[in-house]
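Read the structure below first, then the notes.
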Amino acid sequence: MNNKQLELLKTIGPTKYYRTADNFIYLNSEQENVPLELEHMKSSYLYLKELSIQENRPLKILVDFSKVRRIAKETREYMRSAEAKSFSPYIKGTALITSSQLSKMLGNFVLGTLKGDQETRLFTNEEKAIDWLKQL
């Protein structure tokens, strides 16, 4: 993602939240081998809900998932919970971009967890991910 097209909105843990020129919310970390921890996941959901309410629309989210190397057990359990699923109305769709086999495996876990709650797809190509979000 071209940094010139990004407006930094917030940082939660290792994750930076940007607005793109296409008005998507782009999540990325500058760190390598990022673990997906429970406190960051909860804070992320709350922030995205707040942003969606402020903008009076569900959000389209683009996530660079390539640096995620671990999803903590309590985070996996939370993602399956009714509380986590209650945030679905605030998210129109999420495109996860992966580059490694490990991030694909973790991304597929996320897809399975969110299945039926919101539009979520896994991509290895950023352009295709952006095109898909534009069509939502």
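Below, each value reflects all heavy atoms present in this structure, side chains not excepted, and no hydrogens, waters or symmetry copies.
- A heavy-atom distance below 4.5 Å is found between the side chains of Y90 and I53.
- In this structure, CD1 on I12 lies 10.5 Å from CD on E39, to the nearest 0.5 angstrom.
- The structure places CD of Q5 at 10.5 Å from OH of Y26, a figure rounded to the nearest 0.5 Å.
- In this model, a donor atom of one side chain and an acceptor atom of the other lie less than 3.5 Å apart for S44 and Y17.
- Counting only heavy atoms from C-beta outward, the side chains of F24 and K134 approach each other to under 4.5 Å.
- Between the T94 side chain and the T120 main chain, no donor and acceptor come within less than 3.5 Å of each other.
- Using modelled atom types, one side-chain atom of T75 and one backbone atom of L36 make a donor-acceptor pair closer than 3.5 Å.
- Taking CE of M41 as the reference point, atom OG1 of T15 lies at 8.5 Å (rounded to 0.5 Å).
- With a 4.5 Å cut-off on side-chain heavy atoms, L8 and K16 count as touching.
- Residues T20 and D22 bring no donor and acceptor atom of their side chains to less than 3.5 Å of each other.
- Under 4.0 Å is where a charged nitrogen must lie from a carboxylate oxygen, and between R70 and E37 at least one such pair does.
- In this structure, the side chains of L48 and I25 come closer than 4.5 Å at one or more pairs of heavy atoms.
- Rounding to the nearest 0.5 angstrom, the gap separating the OH atom in Y18 from the CG atom in L62 is 12.5 Å.
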Taking it one step at a time, do E119 and L136 satisfy side-chain contact (heavy atoms from CB on, under 4.5 Å)? CA-CA 9 Å; E119 291 282 339; L136 292 180; 4.2 Å; yes
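- Counting heavy atoms from C-beta outward, S52 and R57 have side chains that stay 4.5 Å or more apart.
- A side-chain donor-acceptor contact under 3.5 Å links K67 to the backbone of S29.
- Within a 6.0 Å sphere centred on CD of E30, heavy atoms belonging to other residues, nucleotides or ligands number 12 at most.
- Classification of R19 and E55 as a salt-bridged pair holds, one side-chain N sitting under 4.0 Å from a carboxylate O.
- E83 and Y78 are linked by a side-chain donor-acceptor pair at a separation below 3.5 angstrom, with hydrogens and angles left out of the test.
- Here the CG atom belonging to L59 is positioned 12.5 Å from the NZ atom belonging to K49, to the nearest 0.5 angstrom.
- Summarising the geometry of S86 relative to P89, their closest heavy-atom pair is O-CD, 3.3 Å, with the distance given to 0.1 Å.
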Might you work through the side-chain contact (heavy atoms from CB on, under 4.5 Å) test for D64 and L27, ending with a clear yes or no? CA-CA 6 Å; D64 183 342; L27 284 66; over 6 Å; no
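- Counting only heavy atoms from C-beta outward, the side chains of K128 and I97 never approach each other to under 4.5 Å.
- We find the CD-CG distance between E126 and D131 to be 10.5 Å, quoted to the nearest 0.5 Å.
- For K60 (side chain) and L133 (main-chain N/O), a donor-acceptor pair under 3.5 Å exists by modelled atom type.
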